[in-house]
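Structure, as structure tokens:
It should be emphasised that the depicted structure is a prediction, and the values quoted were computed from it without experimental measurement. Throughout, a chain's letter reflects where its sequence line sits, starting with A, and its residues are numbered from 1.
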2 protein chains.
Amino acid sequence: MATIQDVATAAGVSTASVSRYLAGQTVRAATDIARAVDELGYQPNVSARNLRTGRHAAIGVIVPDVTNPFFAALIKGIEQEARTAGLQILLGNSDEDLEQENALIGELSQRTDGIIIAPLVEDGRSAEDVARLRLPVVFVDRESRERRDVDRVMVDNLEGTRLAVAHLAALGHERIAFIGGPLSSTPGRERHAGFRASMAARGMPVDEALVVVADFRESGGHDAMRALWRSRPTAVFVANNLMTIGALRALDELQVRVPADISVVGFDDLSFAPLLRPPLTVVRRPEVEQGATAARLLLDRIGAEPGADPVILTLPVELVVRGSTAGPPRERAAHHG
Amino acid sequence: MATIQDVATAAGVSTASVSRYLAGQTVRAATDIARAVDELGYQPNVSARNLRTGRHAAIGVIVPDVTNPFFAALIKGIEQEARTAGLQILLGNSDEDLEQENALIGELSQRTDGIIIAPLVEDGRSAEDVARLRLPVVFVDRESRERRDVDRVMVDNLEGTRLAVAHLAALGHERIAFIGGPLSSTPGRERHAGFRASMAARGMPVDEALVVVADFRESGGHDAMRALWRSRPTAVFVANNLMTIGALRALDELQVRVPADISVVGFDDLSFAPLLRPPLTVVRRPEVEQGATAARLLLDRIGAEPGADPVILTLPVELVVRGSTAGPPRERAAHHG
DNA sequence: CTGAAAGCGCTAACAC
DNA sequence: GTGTTAGCGCTTTCAG
């Protein structure tokens, strides 16, 4: 591997001039240097540069599960934005494991200029760990109770839930069930709270047997739905994409028809949602954009003075009505009769 | 940030001893050093270490599309294995763009100890670029015509295709259509070749109107299916997951019933495949395992002498028969009559 | 087992 | 605009 010294010698200048040329400054021997760089196939040594400058030209991204389509889209958005700025992505998959998440924070913070993280829980050590770092950090989709002073890019969970409940209520549903995620996580807590608030706002009582807190996984949604069905809801709002898949699987097993026997609304769209029979009604949000926004926020922080007020962005959601929602069985029976 | 010098001073030893302690060697003042490390919250500077050792403790992963469930699963497998070995992942998403892929190869090769790549095409510059690197490289899922001397972890595309065709033929289908990916890519080429070979092996003629080469994207599958339907196939084998989604969408639009009017087999399972109505019959492969295998191969290469013979691993596939395949319409009519 | 010291390749003062 | 040079923090000879 050629070094900057080799290039300097070949071009008949000092390493400083080569360094300046590389940095885009005007240099007299530019053409000579360019030729030397080309001939030697010179590539600057990243480690040396990083050591010298104290920067890394990389950002860390920590998500609970790369295979969740939402996080995959998030990563895509982050990647696009980071690439434009010339930064690499160090990816960490915590696999829904707090220990792993903590380890990742420690490791990535030593090799990046900033971190984008979707923390597993709101009050975990992770939040504290992140605080201790002097690195810029952006929370995506999830926030931390301890670190209210950190930038974050959220999504309007309350509004999403309200839209779902309003839609179901408008169709005449009264026995609306809710399958939520861990209350320790932001989407879990907010969507849960949003559900109760939306029901209350409409003067609708919440049957506690119809509210299940699960784990955001497919299996969790599946088990929750099986448990829930015994209490005969006429509609169910499922708080994330994976659990929705699980819930649909459970309904399938139970031979419960959608939407004839039960209406289903999911949170987060899925590429195949329109393909399901019936096509799934969902609350949709701009996933890739959420990632890109988080990246932009982080890039702004990197290189800026620390201590500025935290930026909190809340992206809008929309309800996409497809075929999985209809009036409750009773009403339909009435209509038919 | 505390440096190794600070620790050495605090512990009353030289930096060399601290370095040795950190490397796990037996050192007399171990307890003193341990305490100093702890009190100062010492974290070794990664850039300095990398500069000195010439290593990076990181591997690069380049895929065409993070949001494709297959690649997401691949990444998950790679991540798991790399983490165990203490290596970080630098992720590159080429977004199905050759230029981008080339740029990524260049960038990542300067900051990693090895690269796992699923190349877009078999004879692109990427292959050449990779060859020029002196880094260990592993191709996953896709290979390169120019670089036959590189490790690779493939999947048995021919067998997968054969299983699909055999299944459809056994059901009585004769007009079997094929929607493939770019012939410039390995899965595109092999599945296409496999289809023709499997048909020939059974003495079944291939109607050229029933063979479409698309682009592995959802839209490609959609358009191909619409075009294909005019020639009235009784079954279709779609060569990847995204295109299968598109094809199903097209059939839906055309109000063609599956499997009553047409049987469908996809390549690559999908978490929601069992949820589709009818549940989708697919060729399945061990995706996460494929990633993990590639990572293991790369890890073996890193630190080993270069020049060993290339390792070529081909992982098995299996056919998962669900509800989207049945006998052809004619036969069914005959049975009913 | 230990310490002194060289040096990985680069950038940024600094003096010209 | 240019060259000289110090030094980022670490590991690894080398001599003891």
Query raised in the report: Does the side chain of P187(A) reach to within under 4.5 Å of the side chain of F216(A), using non-hydrogen atoms?
Result: yes
**Report entry** Rounded distance in Å - NE2 (H56(B)) to P (dG9(C))
**Finding:** 12 Å
Report summary line: Between CG of D32(A) and P of dG1(D) the distance, given in whole Å, is 16 Å
**Report entry** Lys/Arg N to Asp/Glu carboxylate O, D32(B) vs R35(B), below 4.0 Å
**Finding:** yes
Requested in this report: Check whether any side-chain N or O of S19(B) sits under 3.5 Å from a backbone N or O of T15(B) as a donor-acceptor pair, and report yes or no.
Outcome: no
Query - Note: E190(B)-R142(B) ion pair, threshold 4.0 Å (strictly below) - result: no
Query raised in the report: How long is the line joining CG of D6(B) and C1' of dC8(D), in whole Å?
Result: 13 Å
Query raised in the report: What nucleic acid atoms does A29(B) come within less than 4.0 Å of, heavy atoms only: base, sugar-phosphate, or nothing?
Result: sugar-phosphate
Report task. For S185(A) and G188(A), indicate whether the former's side chain and the latter's backbone hold a donor-acceptor pair under 3.5 Å. Result -> yes
Requested in this report: Could you tell me whether D113(A) and R301(A) make a salt bridge, using a distance below 4.0 angstrom between a side-chain N and a carboxylate O?
Outcome: no
Query raised in the report: Any side-chain heavy atom of L298(A) sitting closer than 4.5 Å to one from I59(A)?
Result: yes
**Report entry** Reading 5' to 3' through nucleotides 9-16 of chain D, protein heavy-atom contacts under 4.0 Å coded B for base, S for sugar-phosphate only, - for none
**Finding:** BBBBB---
Report summary line: Rounded to 10°, the helix from dC1(C)-dG16(D) to dC16(C)-dG1(D) deviates from straight, judged by its five-pair end axes, by 30°
Scan the side chains in residues 75-91 of chain B for donor-acceptor partners under 3.5 Å anywhere in the protein, sequence neighbours excluded, and list what turns up.
| residue | atom | partner | partner atom | Å |
| --- | --- | --- | --- | --- |
| E79(B) | OE2 | N93(A) | N | 2.9 |
| E79(B) | OE2 | R83(B) | NH2 | 2.7 |
| E81(B) | OE2 | R296(B) | NE | 3.1 |
| R83(B) | NH1 | E107(A) | OE1 | 3.1 |
| T84(B) | OG1 | Q80(B) | O | 2.8 |
| Q88(B) | NE2 | E107(A) | OE1 | 2.8 |

